[in-house]
Amino acid sequence: MQTDGFFNWLGESIGDAIRALVDLFSDFFASIGIFIYEFIEGLSGSLGINTSLFNMVMLVIGLLLLLKGIRSFLSRSLIGGIVWTVIGLLVLSWLMA
């Protein structure tokens, strides 16, 4: 009977499709990891800092403090804008020194 050949072909076809799907997702997520790694390397290299997690967190905190200072300036709070901007600049200058 030919049913054995049909089911063998069907199993191989489904297995090949699953294998192609797994390879596609594997390559996709591997390339995302490479893109993130290269972005962090380029960013830290241009700023002159190490690529440690602590430095990246401090960079984000410093940028958020600067953003808070800009928002304070835009809401016409001169003292708050100066304070937040100076704190943000201190954090970023300490990080890049």
Side-chain angles (χ1 to χ4, degrees):
M1 206 177 229
Q2 291 294 352
T3 59
D4 194 30
F6 172 75
F7 287 113
N8 186 19
W9 169 83
L10 183 64
E12 286 181 2
S13 298
I14 292 173
D16 289 341
I18 292 172
R19 177 67 180 203
L21 191 64
V22 168
D23 286 342
L24 176 74
F25 281 127
S26 175
D27 292 342
F28 176 73
F29 288 118
S31 64
I32 286 178
I34 291 170
F35 294 151
I36 291 172
Y37 174 78
E38 288 180 358
F39 174 77
I40 290 174
E41 284 290 321
L43 180 67
S44 63
S46 68
L47 293 175
I49 61 176
N50 293 331
T51 58
S52 69
L53 180 63
F54 177 75
N55 286 344
M56 293 299 123
V57 169
M58 291 304 294
L59 177 65
V60 169
I61 289 172
L63 291 175
L64 288 175
L65 289 170
L66 281 180
L67 182 64
K68 188 162 179 94
I70 292 171
R71 286 184 178 173
S72 295
F73 281 128
L74 291 177
S75 67
R76 297 182 180 167
S77 174
L78 185 63
I79 302 290
I82 290 172
V83 168
W84 287 116
T85 304
V86 168
I87 292 173
L89 289 175
L90 284 173
V91 169
L92 290 175
S93 66
W94 169 76
L95 182 65
M96 293 179 203

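Along the sequence shown, residues are numbered consecutively beginning with 1.
- More than 12 heavy atoms of other shown residues, nucleotides or ligands fall within 6.0 angstrom of atom CD1 in Ile32.
- Under a 4.5 Å side-chain heavy-atom cut-off, the cluster of Ile, Leu, Val, Met, Phe, Trp and Tyr residues that includes Leu90 is completed by Phe73, Leu78, Ile82, Val86.
- Rounding to the nearest 0.5 angstrom, the gap separating the CG atom in Leu66 from the CD1 atom in Ile61 is 12.5 Å.
- Note: Ile18 CD1 to Asp23 CG = 12.0 Å, rounded to the nearest 0.5 Å.
- Listed by chain and number, the residues in a side chain to side chain donor-acceptor pair (under 3.5 Å) with Ser52 are Asn55 (sequence neighbours excluded).
- Leu95 CG to Phe54 CZ: the interatomic distance, rounded to the nearest 0.5 Å, is 8.0 Å.
- Grouping the Ile, Leu, Val, Met, Phe, Trp and Tyr side chains by contacts below 4.5 angstrom, directly or via other members, places Leu47 with Val91.
- Grouping the Ile, Leu, Val, Met, Phe, Trp and Tyr side chains by contacts below 4.5 angstrom, directly or via other members, places Val57 with Ile87.
- A distance-only check finds no donor-acceptor pair linking the side chain of Ser26 to the backbone of Val22 [under 3.5 Å].
- Note on Ile49: it clusters hydrophobically with Leu53, by side-chain heavy-atom contacts below 4.5 Å among ILVMFWY residues.
- Side-chain contact between Met56 and Ser44 is present, with heavy atoms from C-beta onward closer than 4.5 Å.
- Both Met96 and Ile40 belong to a single network of hydrophobic side chains, linked directly or stepwise wherever heavy atoms of I, L, V, M, F, W or Y lie under 4.5 Å apart.
- With contacts defined as side-chain heavy-atom distances shorter than 4.5 Å, the pair Leu92/Leu59 qualifies.
- Between Met58 and Trp94 there is a side-chain heavy-atom pair separated by less than 4.5 Å.
- Ring orientation note: the planes of Trp9 and Phe6 are tilted relative to one another, at an angle of 30° to 60°.
- Its side chain outside the 4.5 Å cluster rule for every partner, Leu24 clusters with none of the Ile, Leu, Val, Met, Phe, Trp and Tyr residues.
- Cluster membership check: Ile70 does not share its hydrophobic cluster with Trp84, using side-chain heavy-atom separations under 4.5 Å among Ile, Leu, Val, Met, Phe, Trp and Tyr.
- Using a 4.5 Å heavy-atom threshold, the side chains of Thr85 and Lys68 count as separate.
- Rounding to the nearest 0.5 angstrom, the gap separating the CG atom in Leu43 from the CZ atom in Phe39 is 5.0 Å.
- Scanning both residues, Gly80 and Ser72, for their nearest heavy atoms gives C-CB, 3.8 Å.
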